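The structure appears right after this line, and notes come after that.
Just so we're clear, the structure is a prediction, and the values are computed from it rather than from any experiment. All ligand and atom numbering here is 1-based and tracks the order in the structure.
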Amino acid sequence: MIRDVALGAAAGFLIYLFAMGYNIVPLLFIVGGAYFIWRVVIERGMVRSPGKGVVVSSTPVTFDDIGGQATAKKELQEGLDFLRHSDRMKELGIRPLKGILLLGPPGTGKTLLAKAAARYTNSAFLAVSGSEFVQMYAGVGAERVRSLFKRAREVARKEKKHSAIIFIDEMDILGGKRGSNISHHEYDQTLNQLLVEMDGLGSDQNPQILVIGATNRAEALDAALLRPGRFDRQVNVDLPDKEGRLAILQIHTKNKPLAEDVDLEQIAHETFGFSGAHLESLTNEAAIFALREKSKVIVQKHLREAVEKVMLGEKLDRRPTADELWRVAVHEGGHALLAETVKPNSVAQISIRSRGHALGFVRHYPDDDLYLYTQEMLEQQIMVALAGAVAEHMILGTRSTGNAGDYEHALSMVERILASGMSTLGIIDLSRLNDGQRQKITREILAELEQKTRVVLEEKKETLLAVAKILQEEETVSGDALREFLHKVA
Ligand code: ATP
């Protein structure tokens, strides 16, 4: 705004001079030249305030504010003890730890861990994202790295602390393998500068600096970064297990009024695969549902709805036609009935309400914290995936495009069967299978399981129709209600 007014005033002044008969051409050259140089200098970052884009945080986060992640916390704390007891380290001649790399999927609490690390070591905390360093102009990234370290020292001195932690998120952007960016060498210069800065960190420096990097693509990092003396401690920050999820839910519901019926353990059980960020969002969504219903407290139903929303997106207003709804009811009924047959008590909820990309869905209780699957388990999953299409075919005589996602899931399970030597081909080198052979074995596995699925559903055709009708009327049916119904008709 001020800039526009100034530009307008300057233009007006020049026009006035011109009207008065002055020769303004040399002036125009001078002003234009000055403006050009100014832009270039700004773009090249030479007059940037050192560390622009850097967040200096004093938000107190402690390790107790981070749910789960017991191993990550322990490993990180071990690393940080180098900083906390730096005098002893010096006496023993141990070189200081310069960098810790946090590896893990998005939203698992890497930033929180870095903040807690700053608190634990009483260090100043500066956070920056790797993408901040990537510019079109050569030298800018390297200059920013230099100013970042300078700024860290300044902040620590100002806060009267003996150490500073620099947290670099999206480390793979700044520290990707050198030579992999063909457009220019800017990335490489930036990374080189980071290496130079880290190599210059010593135990005799005051304040001491520790760099904590975070990435979910460790394989993309330049090997030089992982060399001893740089990021020589790596800490995995994985998705939380059930206990971790419960702890995170407890942390994020501490400030929210919960009804008596709320069972956070149950929600933790249902949210396999959720990150900390997902769980935080879930508790927030549940509170919004409570607000919408003008309820003073959050009840279990709100939390359940929030699980669905975080998993599948907002409910859509678009309503399918009556025919489509019936098809979706049959399809989801097929999935649910088969799931309860091959794996009793596994259905958490069935719904034919459109959400995100799905017209309907069956939510299963996850096989919590299972790392290994037997052939039987994989085959059951394939049968459950195929049951929607088989049910449609059986009741309506045709299949629909709604099955594409299920087929994709089934195919990925077949791949796992093949890769783990559980097919009739036995243990094989998959790369030596040609397309025809791969198709043939995939087809055989799927055809056999489709047939088995059909036999199960044919036997329960009447039940399937009844379940689809209930779904058509009620739109959403809980797993418990489904089981109660199945028990009655059995
Ligand atoms: P990204 O890789 O996307 O930068 P991140 O791993 O750094 O993500 P954070 O920014 O630390 O994740 O987490 C995002 C939010 O998710 C936090 O502000 C917090 O609300 C919540 N959260 C994530 N993990 C946890 C956890 N273990 N305990 C409590 N809250 C968590």
Side-chain angles (χ1 to χ4, degrees), residues 53-77 79-80 99-120 123 125-134 165-176 210-221 231 233-256 258 264-265 267-268 271-288 298 303 306-307 309-311 369:
V54 177
V55 180
V56 180
S57 171
S58 52
T59 338
V61 175
T62 67
F63 283 113
D64 289 340
D65 298 325
I66 304 172
Q69 305 297 2
T71 319
K73 279 191 222 173
K74 189 169 147 271
E75 284 181 19
L76 184 59
Q77 278 172 347
L80 294 171
I100 299 179
L101 199 59
L102 305 178
L103 304 169
T108 41
K110 298 186 288 297
T111 312
L112 286 184
L113 281 167
K115 281 187 180 169
R119 170 86 183 229
Y120 182 71
S123 304
F125 180 77
L126 290 88
V128 67
S129 165
S131 54
E132 279 289 323
F133 295 91
V134 179
I165 285 182
I166 297 179
F167 174 64
I168 306 179
D169 206 356
E170 297 183 300
M171 192 65 209
D172 44 295
I173 299 185
L174 167 60
L210 173 72
V211 185
I212 298 187
T215 180
N216 46 17
R217 297 180 57 230
E219 72 291 347
L221 292 180
F231 284 100
R233 191 165 276 252
Q234 297 178 17
V235 175
N236 283 319
V237 189
D238 293 323
L239 287 172
D241 57 11
K242 186 175 156 198
E243 245 172 68
R245 293 196 295 276
L246 178 59
I248 297 172
L249 285 168
Q250 280 163 345
I251 288 173
H252 290 290
T253 48
K254 235 189 251 161
N255 62 348
K256 297 181 174 66
L258 299 181
L264 289 180
E265 206 169 326
I267 300 296
T271 44
F272 178 73
F274 274 41
S275 68
H278 283 130
L279 294 166
E280 189 274 334
S281 164
L282 184 162
T283 56
N284 198 46
E285 291 297 339
I288 294 173
I298 297 172
L303 286 161
V307 173
K309 175 153 184 218
V310 174
M311 226 180 231
D369 307 325

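- Shown here is Lys74, whose NZ atom has no more than 12 heavy atoms of other residues, nucleotides or ligands within 6.0 Å.
- Contacts with ligand 1 closer than 4.0 Å are made by heavy atoms of both the backbone and the side chain of Lys110.
- Comparing heavy-atom distances from atom 17 (C) of ligand 1 across Thr215, Leu112, Asp169, Val237 singles out Leu112 as nearest.
- Proximity of Asp65 to ligand 1 is established by a heavy-atom distance of less than 4.0 Å.
- When Ala72, Gly109, Gly68 are ranked by how near their heavy atoms come to atom 9 (P) of ligand 1, first place goes to Gly109.
- Below 3.5 Å of separation, one finds an N or O of Gly67 facing an N or O of ligand 1.
- Surrounding CD of Gln250 are more than 12 heavy atoms belonging to other residues, nucleotides or ligands, all under 6.0 Å away.
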**Q.** Phe231/Val211 under side-chain contact (heavy atoms from CB on, under 4.5 Å): CA gap, chis, key distance, verdict
**A.** CA-CA 8 Å; Phe231 284 100; Val211 185; 3.7 Å; yes
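- A donor atom on one side chain and an acceptor atom on the other are not found under 3.5 Å apart for His278 and Ser281.
- Distances below 4.0 Å separate heavy atoms of Ala277 from the following atoms of ligand 1: 16 (O), 21 (C), 22 (N), 23 (C).
- Not a single donor-acceptor pair under 3.5 Å links the side chain of Gln234 to the backbone N or O of Leu102.
- For the residues Glu170, Gln250, Lys115, His252, the heavy atom positioned nearest atom 29 (C) of ligand 1 is part of His252.
- With hydrogens left out, the protein atom closest to atom 22 (N) of ligand 1 is Gly276 C, 3.6 Å, a heavy atom.
- Partner of Thr271 under the side chain to side chain contact (heavy atoms under 4.5 Å, CB included) criterion, chosen from Met311, Arg245, Lys242: Arg245.
- Considering backbone and side-chain atoms alike, Thr111 places an N or O below 3.5 Å from some N or O of ligand 1.
- A donor-acceptor pair shorter than 3.5 Å cannot be found between the side chains of Asp169 and Ser129.
- Where the criterion is an N or O separation shorter than 3.5 Å, residue side chain and backbone included, Gly107 meets it with respect to ligand 1.
- Taking every non-hydrogen atom of Glu280 and a distance limit under 4.0 Å, the qualifying atoms of ligand 1 come out as 20 (O).
- Interatomic distance, Phe63 CZ to Leu113 CG, rounded to the nearest 0.5 Å: 6.0 Å.
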